[in-house]
2 protein chains.
Amino acid sequence: MVQYSKKIQAVPEPTIRRMPSYLAFAEGLLRKGQQFVSSTQIANYMNIDPTQVTKDLSYTTIVGKTRVGYEVKAIVDVLSEFLGFSVMDNAFLVGAGSLGSALLHDSGLNHFGLKIEAAFDINPATIGRKINDVEVFHIDQFRDLAQELNVIMGIITVPAENAQTVADLMVAWGIKAIWNFTPARIKVPDDIIVQNTTLYSNLAIIFNKLHQDKREE
Amino acid sequence: MVQYSKKIQAVPEPTIRRMPSYLAFAEGLLRKGQQFVSSTQIANYMNIDPTQVTKDLSYTTIVGKTRVGYEVKAIVDVLSEFLGFSVMDNAFLVGAGSLGSALLHDSGLNHFGLKIEAAFDINPATIGRKINDVEVFHIDQFRDLAQELNVIMGIITVPAENAQTVADLMVAWGIKAIWNFTPARIKVPDDIIVQNTTLYSNLAIIFNKLHQDKREE
DNA sequence: AATCAATAAAGAAATTTTTCTTTAATAAAA
DNA sequence: TTTTATTAAAGAAAAATTTCTTTATTGATT
């Protein structure tokens, strides 16, 4: 009886995935000056069941008022705090190729609590360059800089076949969480947090639905 | 009794999400010259249950051989076909800001069957520029170019508050699928395929686990 | 003041997804 | 040739997630 992933997770992952959208919606309402919002309104916006919304929000300290709804400002404040968007964490990115430099260009990460302090690569052509104000170093310098800059997250954007090597180095360097953008799955000690994000999975889902439509025609 | 999403979907979405990783693993084995691979090996690589792998692969035409496993080449061929990675589809991207230009820089999309033919924006500073060989046009030119270039997918990378407007325009232009990178949820007719991809949701999941660790300490 | 309608919240049921169990096949070993 | 061990596959059970139902609250309406 092997346990493949020890989920001692209070908040379901689908819930956390929906929360940033609740937040975005509430921020919009706040800008428009709306003070309260009901689960029905949020659900209508999200195309989901209203009880799903109340269940999701019940994981936070937000409480609604009968016949009134939730306070918009409370949703904004509590959710950004809850999702960790209001505290800035430092990260290093390894692999300043196409996807890596893509992420470096996205200043949205900054707004959501992630600061990429430096990037690393082995390609002499990119080392020394600055991408969107983030300097690219040789990967050998990771250790020293990680200690210096209090970095807790490593972002992997190298080719899939090198993902494990980079992960091993990150673990050795004392990183706490790894955001893995390659389709490769990495092996790390139990206390290291790994989040796999494969953009191309989303593409696969779209293609699958497109093909399904063709089948139904 | 309202139906919030008509899932007449044969293949479960979690299955499709795992498949690109199976593919990446199989491609690696193929390069190393390995001819067969067992569900146990794949499962070990993925950190999941072996029966999950067999179930997932059973949705395709791939069949395994008892005591031998699956043919690596079959996995590569069938999965890339199944996931739609072997046929090229054309897309337009609207919003050539940080995330948008980030995606334009990622040539990985090309390898997975998506060709971004053109980008659109309303910012005069970016219109006329080329990002990674993709030209940025004024959004008013979308309709003509979409017809001309046989584009079936629209990628939304504008600020969240403009997502619905862009979606409406895309639908009016006859797009079949929308890849929405904003946390905003968009409303479109039932026959339009929408895939929401919020990078920051993944960030939220990592932060949640990091904070959970703190709670347990 | 009484009634009505909209809502949050809690719990139950249904659905979906994952994990476990059993069976049958077959390559390798004895 | 027989036995053993490994594996895919199918089905059952368990777990997780979503949807439905009920209850209680309360602002709005009559």
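So that the names make sense, note that chain A is the first sequence line, chain B the second, and so on, each numbered from 1.
- We find that CD1 of B/I62 is positioned 16 Å from C1' of D/dT7, with the value rounded to whole Å.
- Rounded to a whole Å, the CE atom of B/M19 is 13 Å from the P atom of C/dT17.
- Counting only heavy atoms from C-beta on, A/T40 has its side chain closest to C/dT7 among D/dT7, C/dT7, C/dA27.
- Comparing A/K65 and A/P14, the nucleotide of DNA chain D nearest to each residue sits closer to the 5' end for A/P14.
- Judged by distance alone with a 3.5 Å cut-off, a donor-acceptor contact links the side chain of B/K55 to the base of C/dT19.
- In this structure, A/L57 atom CG and C/dA10 atom P are separated by 13 Å, rounded to whole Å.
- One donor-acceptor pair, N or O on each side, does fall under 3.5 Å between the base of D/dA5 and the side chain of B/R67.
- For B/Y70, the listed nucleotide lying nearest its side chain is D/dA9; candidates were D/dT17, D/dA9, C/dT26.
- When the C1' atom of C/dT17 is taken as reference, atom CD of B/E13 falls 12 Å away, rounded to whole Å.
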*asked:* Could you walk me through whether B/M170 and B/I192 satisfy the side-chain contact (heavy atoms from CB on, under 4.5 Å) test, starting with their C-alpha distance in whole Å, then the side-chain angles of each, then the deciding distance to 0.1 Å, before giving a yes or no?
replied: CA-CA 10 Å; B/M170 284 179 171; B/I192 309 289; over 6 Å; no
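- Distances from the side chain of A/S38 to the nucleotides D/dC20, C/dA8, C/dA25 place C/dA8 closest.
- Ion pairing between a basic and an acidic side chain is recognised when a charged N comes within 4.0 Å of a carboxylate O; B/K65 and B/E71 show no such pairing.
- Here the P atom of nucleotide C/dT16 and the CG atom of A/D49 are 14 Å apart, to the nearest Å.
- Listed nucleotides: C/dT19, D/dT18, C/dA8. Nearest to the side chain of A/S39: C/dA8.
- Side-chain N or O atoms of A/T182 include one that pairs as donor or acceptor with a backbone N or O of A/A184 at under 3.5 Å.
- Checking C/dT21, C/dT18, C/dA24 against every side-chain atom of B/T66, the shortest atom distance belongs to C/dA24.
- Among the protein residues, B/R17 comes within range of no part of the nucleic acid, since none of its heavy atoms lies under 4.0 Å from any strand.
- Aromatic ring centroids of B/F142 and B/F92 lie under 6.0 Å apart.
- Taking the six-membered ring where tryptophan is involved, the planes of B/F112 and A/Y200 are essentially parallel, since the angle between them stays under 30° and well short of 60°.
- At whole-Å resolution of the value, CD in B/Q41 and C1' in D/dA8 are 14 Å apart.
- Rounding to whole angstrom units, CD of residue B/Q52 and P of C/dT21 are separated by 16 Å.
- In this structure, the CG atom of B/D56 is 7 Å from the P atom of C/dT18, given to the nearest Å.
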